[in-house]
Amino acid sequence: MGKFGRSTNPEKLQLDAILHYATTRVVPQQNMDEIKVSFDVLKNQTPCNFLVFGLGHDSQMWSSFNSRGNTLFLEEDPKWVETILKDAPFLHADTVKYRTKLSEAEELVEHYHKQPDCSAKKPFLRGNHGCKLALDMLPDEVYNTEWDLIMVDAPRGYFPEAPGRMAAIYSAAVMARNRKGKGVTHVFLHDVDRKVEKIYAELFLCRKYLVKRVGRLWHFEIPPASNVGNNFC
């Protein structure tokens with residue numbers, strides 16, 4: 001699990017992002033309308049703690065929107081991290097290993113219902129080896145930080161052997177429920193046109209917390225568990 005660069009100069013980060021996007025033909029995966037949903041929240045929240053599942057062509061953009069805050073990217077592929085950071089060494093990123101496969105999505109729902117360590121009553125991630133949906137070996141920074149915004153746009157979820165986003169969605173829900181500070185946790189989930197993303201969103205992020213749908217992006221505002229009881233939804 002490797003840790004990579006971190007920006008120390010907000011102005012330089014923003015200028016580098018402007019130069020990068022002004023001179024490249026490679027565009028972010030999300031379209032303008034989808035990006036604007038998160039951008040509008042970031043404008044009101046920054047500087048904040050922003051956790052992003054995935055590292056890619058949009059990473060400089062997200063970091064520049066929160067240039068005085070803490071933006072951390074979690075990426076499954078170390079080689080891809082090296083590729084992105086060649087052009088943007090100031091990004092703050094960690095590699096993570098997932099222990100699930102997309103092909104297991106259905107049986108993992110059954111596992112969630114049967115496994116006490118997955119329960120919403122006292123959900124936890126660090127060292128939670130019993131619940132296969134819990135990301136139990138993330139960097140300490142993830143567990144020690146209260147995230148204001150969480151973007152789930154990874155890991156890969158488009159072929160059976162890929163990790164799928166089941167664990168990322170579940171873990172984002174746990175982080176949001178465990179919030180101790182004021183207010184809600186904003187969770188953004190991309191690619192909800194796919195079956196697994198939609199099922200897991202409705203199971204853990206909840207329709208009642210869904211505040212906006214634009215294209216393939218859903219925006220949830222999830223209150224801490226102390227305000228809503230012992231169930232995810």
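Note that the structure is predicted; figures quoted are calculated from it, not measured. We count residues from 1, following the sequence as given.
With contacts defined as side-chain heavy-atom distances shorter than 4.5 Å, the pair V196/R165 does not qualify. Between V96 and P155 the shortest side-chain heavy-atom distance does not fall below 4.5 Å. Within the 4.5 Å cutoff, no side-chain heavy atoms of V187 are placed close to those of W218. Side-chain contact between E202 and L210 is absent, with no heavy atoms from C-beta onward closer than 4.5 Å. Residues L74 and V142 form a side-chain contact, since some pair of their non-hydrogen atoms from C-beta on lies under 4.5 Å apart. Side-chain contact check for P163 versus E76: some heavy-atom pair is nearer than 4.5 Å. Annotation: side chain of N70 is in contact with side chain of W147 (closest heavy-atom distance under 4.5 Å). Considering only heavy atoms from C-beta on, V152 stays 4.5 Å or farther from F188 through its side chain.
A donor-acceptor contact shorter than 3.5 Å is absent between the side chain of N231 and the backbone of C233. Between the side chain of E75 and the main chain of L55, a donor-acceptor pair closer than 3.5 Å is present. No donor-acceptor distance shorter than 3.5 angstrom exists from the side chain of R177 to the backbone of S226, with no hydrogens or angles considered. Although no hydrogens or angles enter the test, the distance criterion places no donor-acceptor pair under 3.5 Å between the side chain of Y158 and the main chain of G164. At distances below 3.5 Å, not a single donor-acceptor pair connects side-chain atoms of D33 with backbone N or O atoms of G215. Remark: side-chain polar atoms of D148 are paired, donor with acceptor, to backbone N or O of N49 under 3.5 angstrom. One N or O on the side chain of S64 and one on the backbone of M61 form a donor-acceptor pair closer than 3.5 Å.
A salt bridge does not link R156 to D77: none of the charged side-chain nitrogens sits closer than 4.0 Å to a carboxylate oxygen. A salt bridge links R194 and D191; the closest N-O separation between the charged side-chain nitrogens and carboxylate oxygens is under 4.0 Å. Under the 4.0 Å criterion applied to side-chain N and carboxylate O atoms, D193 and K198 are not assigned as salt-bridge partners.
Atom NZ of K86 has 12 or fewer heavy atoms from other residues, nucleotides or ligands within 6.0 Å. Counting non-hydrogen atoms of neighbouring residues, nucleotides and ligands closer than 6.0 angstrom, the CD atom of E146 exceeds 12 such neighbours.
For the atom pair F65 CZ and T46 OG1, the distance stands at 10.5 Å (nearest 0.5 Å). If you take OG on S59 and CG on D153, they are separated by 9.5 Å, rounding to the nearest 0.5 Å. For the atom pair L102 CG and E197 CD, the distance stands at 7.5 Å (nearest 0.5 Å). Atoms CD1 and CD1, from I169 and I150 in turn, are 12.0 Å apart once rounded to the nearest 0.5 Å. We find the NE2-CG distance between H111 and L133 to be 6.0 Å, quoted to the nearest 0.5 Å. Going from atom CG of L85 over to atom NE2 of H92 covers 11.5 Å, rounded to the nearest 0.5 Å.
The shortest heavy-atom contact between Q115 and G130 is NE2-O, 3.3 Å. Looking at every heavy atom in both residues, A201 comes nearest to L189 through CB-CD2, 3.6 Å. Among all heavy-atom pairs drawn from Q30 and I35, the shortest one is O-CD1, 3.5 Å. Minimum heavy-atom separation, L135 to Y143: O-OH, 2.7 Å. When all heavy atoms are compared, the tightest approach of S119 to F232 is C-CE1, 4.5 Å.
In this structure, Y209 has its ring center no closer than 6.0 Å to that of F220. Here H57 and W80 bring their ring centres to under 6.0 angstrom of each other. Proximity of the aromatic rings of Y200 and Y170 is defined here by a centroid distance below 6.0 angstrom, and this criterion is not met. The six-membered or imidazole ring of F53 lies away from that of F73, with a centre-to-centre distance of 6.0 Å or more.
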> Passes side chain to side chain donor-acceptor pair (under 3.5 Å), H219 versus E34? Steps please.
Replying inline: CA-CA 10 Å; H219 171 204; E34 292 168 344; over 6 Å; no

> Does the salt bridge (Lys or Arg N to Asp or Glu O under 4.0 Å) test come out yes or no for K43 and D40, once each step is laid out?
Replying inline: CA-CA 5 Å; K43 280 193 298 185; D40 287 344; 3.6 Å; yes

>> Run V192 and L217 through side-chain contact (heavy atoms from CB on, under 4.5 Å) and show every step you take.
In response: CA-CA 6 Å; V192 288; L217 185 86; over 6 Å; no

>> Would F50 and L42 count as a side-chain contact (heavy atoms from CB on, under 4.5 Å) here? Give the steps.
In response: CA-CA 9 Å; F50 185 16; L42 274 168; 3.8 Å; yes

> Can you list the steps and then say if V211 with H186 is a side-chain contact (heavy atoms from CB on, under 4.5 Å)?
Replying inline: CA-CA 10 Å; V211 295; H186 296 270; over 6 Å; no

> Could you go step by step and tell me if L51 and M151 meet the side-chain contact (heavy atoms from CB on, under 4.5 Å) rule?
Replying inline: CA-CA 6 Å; L51 181 66; M151 171 80 71; over 6 Å; no

> After noting the C-alpha distance and the side-chain angles of N144 and R126, does the key distance pass the side chain to side chain donor-acceptor pair (under 3.5 Å) rule?
Replying inline: CA-CA 10 Å; N144 296 337; R126 194 197 313 249; 2.8 Å; yes

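Side-chain heavy atoms closer than 4.5 Å link hydrophobic residues (I, L, V, M, F, W, Y) into clusters, and following such links, even through other members, never connects L205 to V184. F39 and L91 fall within a single hydrophobic cluster, where Ile, Leu, Val, Met, Phe, Trp and Tyr side chains are chained together by heavy-atom contacts under 4.5 Å.
Looking at W62 and D58, their side chains do bring a donor and an acceptor atom within 3.5 Å of each other. Residues T71 and N66 bring a donor and an acceptor atom of their side chains to less than 3.5 Å of each other.
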